[in-house]
Colleague: 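Take this structure, written in structure tokens, and hold onto it; I'll ask about it next.
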Amino acid sequence: MRLLTLLLSTLHFLTRALASQGCGHPLHPPPTPGGASALLKLDTGESRQYLLHLPQAYHIYSPVPLIVAFHGKGQTNKEFERQTEFTKPILNTLGAIVAFPQGVNKMWTGDPESPPRKERDDIAFTSSLLTHLINTYCIALEQIYIVGFSNGGGLTNLVACDPEMSTRIAAAAIVSGAIYKDKSLKVDKGETLFDVCKPGRTPVPLLEMHGSKDPVIHYDGKSTPDGETVPVEEWLEGWKVRNGCKEGGEPTWEGEVHGGSVKKRSWWCGEGKEQQEVLGHYFIEGFGHGWPSILGQGDDEGLRFGPVGWNATRDIVDFFGSKSLPTEWRVPGKRVRDEL
Ligand SMILES: *[C@@H]1O[C@H](CO)[C@@H](O)[C@H](O)[C@H]1NC(C)=O
């Protein structure tokens, strides 16, 4: 019986999923599948922490998707897990492994108060974490997703823009992304950190959600307390073009969802059969700065302006479920096709 299971799951990953190097590795819990997330350490020159959740159905021979979730500034990964509920089976319908890294001093590269990228590079940290996870656990390489809130959304954008990292992720989601214009975030040639966006593959399918009354990262990018940010419309326009849609192109689909409280727009682009939703946007009427969910957040409602009647996590997981990394990108930064 055990041999049969083994054979079947081996067959499963040979035919359907691109199994990561960690498939077949014996499991040394914690975390236990379906149990509480475990706080683990990763040594990348400095010791970094992350929370890791394994789904109930985890099996060392069956590749499963991976979601890496970046908290907002001032948060812990534990709080972010509780707010987003990415580890709740009812919302994690992909049965994904979920990793919640912890930013140093509760922030990430991309925040004006975080050290320059030369000194602390959270894109490089994300790369090390990904490599560690795929070498240790059985992950479907074509189903790796990233998501982030606020400053964590800014980092998600930087990862999606990165020439190498963009070739390792299938899709990304951002809630109230903090995409700063701050000149102190300078990189080479006078460009600021967020001016540089050169994904190594396109499209990088993205979903962004933003409250119309966000008091921290204003929708129009102005009067934002921590300094100007890129207005959401401008940010959408950038990704529209990068992801292969027409400049200034109208959305393919536009309408109200979640009982009219959300105006959703989505752009479907690409050639013929490859046509897909490459960019989606939620304009959340009257919503502030926080994670959209039906869950109360205790004392933290001041900026969020209360719960909504739906769970962003569910929509994000659904979006992820419709995306997978094209096969030729399973070798990081390299088209397999070019090697043949
Ligand atoms: C939202 O998440 C909660 C778990 O906190 C769950 O009970 C509820 O059914 C979910 N609602 C929807 C519409 O997904």
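Note: hydrogens, waters and symmetry copies are ignored here, and every other heavy atom, side chains too, is used. Remember, it's 1-based here, ligands and their atoms both numbered in the order they're listed.
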Colleague: Check ligand 1 against Glu85 and write out every atom of the ligand that is under 4.0 Å from a heavy-atom position of the residue.
Modeller: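 Heavy-atom distances to Glu85 below 4.0 Å select 2 (O), 4 (C), 5 (O).
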Colleague: Do side-chain atoms of Thr32 reach the backbone of Pro29 as a donor and acceptor pair under 3.5 angstrom?
Modeller: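 Answer holds: no.
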Colleague: Flag the pair Tyr219 / His281 as yes when their ring centroid distance falls below 6.0 Å, and as no otherwise.
Modeller: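 Yes.
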Colleague: Minimum distance, heavy atoms only, to atom 7 (O) of ligand 1: which one of Ile90, Val317, Thr84 is it?
Modeller: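 Selected option, by shortest heavy-atom distance: Ile90.
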Colleague: Counting neighbours of CD on Glu46 that are heavy atoms of other residues, nucleotides or ligands and sit closer than 6.0 Å, is the number greater than 12?
Modeller: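 Yes, because the 6.0 Å sphere around CD of Glu46 holds more than 12 heavy atoms from other groups.
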Colleague: Find all atoms of ligand 1 within a distance of less than 4.0 Å from any non-hydrogen atom belonging to Ile294, and give their numbers and elements.
Modeller: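 Those of ligand 1 that fall under 4.0 Å from Ile294 are 1 (C), 3 (C), 8 (C).
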Colleague: Got a salt bridge between Glu233 and Arg265, using NZ or NE/NH1/NH2 to carboxylate O under 4.0 Å?
Modeller: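 Counted as a salt bridge, because a side-chain N and a carboxylate O are separated by less than 4.0 Å.
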Colleague: Among all protein heavy atoms, pick the one closest to atom 1 (C) of ligand 1 and tell me residue, atom and distance.
Modeller: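 Protein heavy atom at minimum distance: Asn311 ND2, 1.4 Å.
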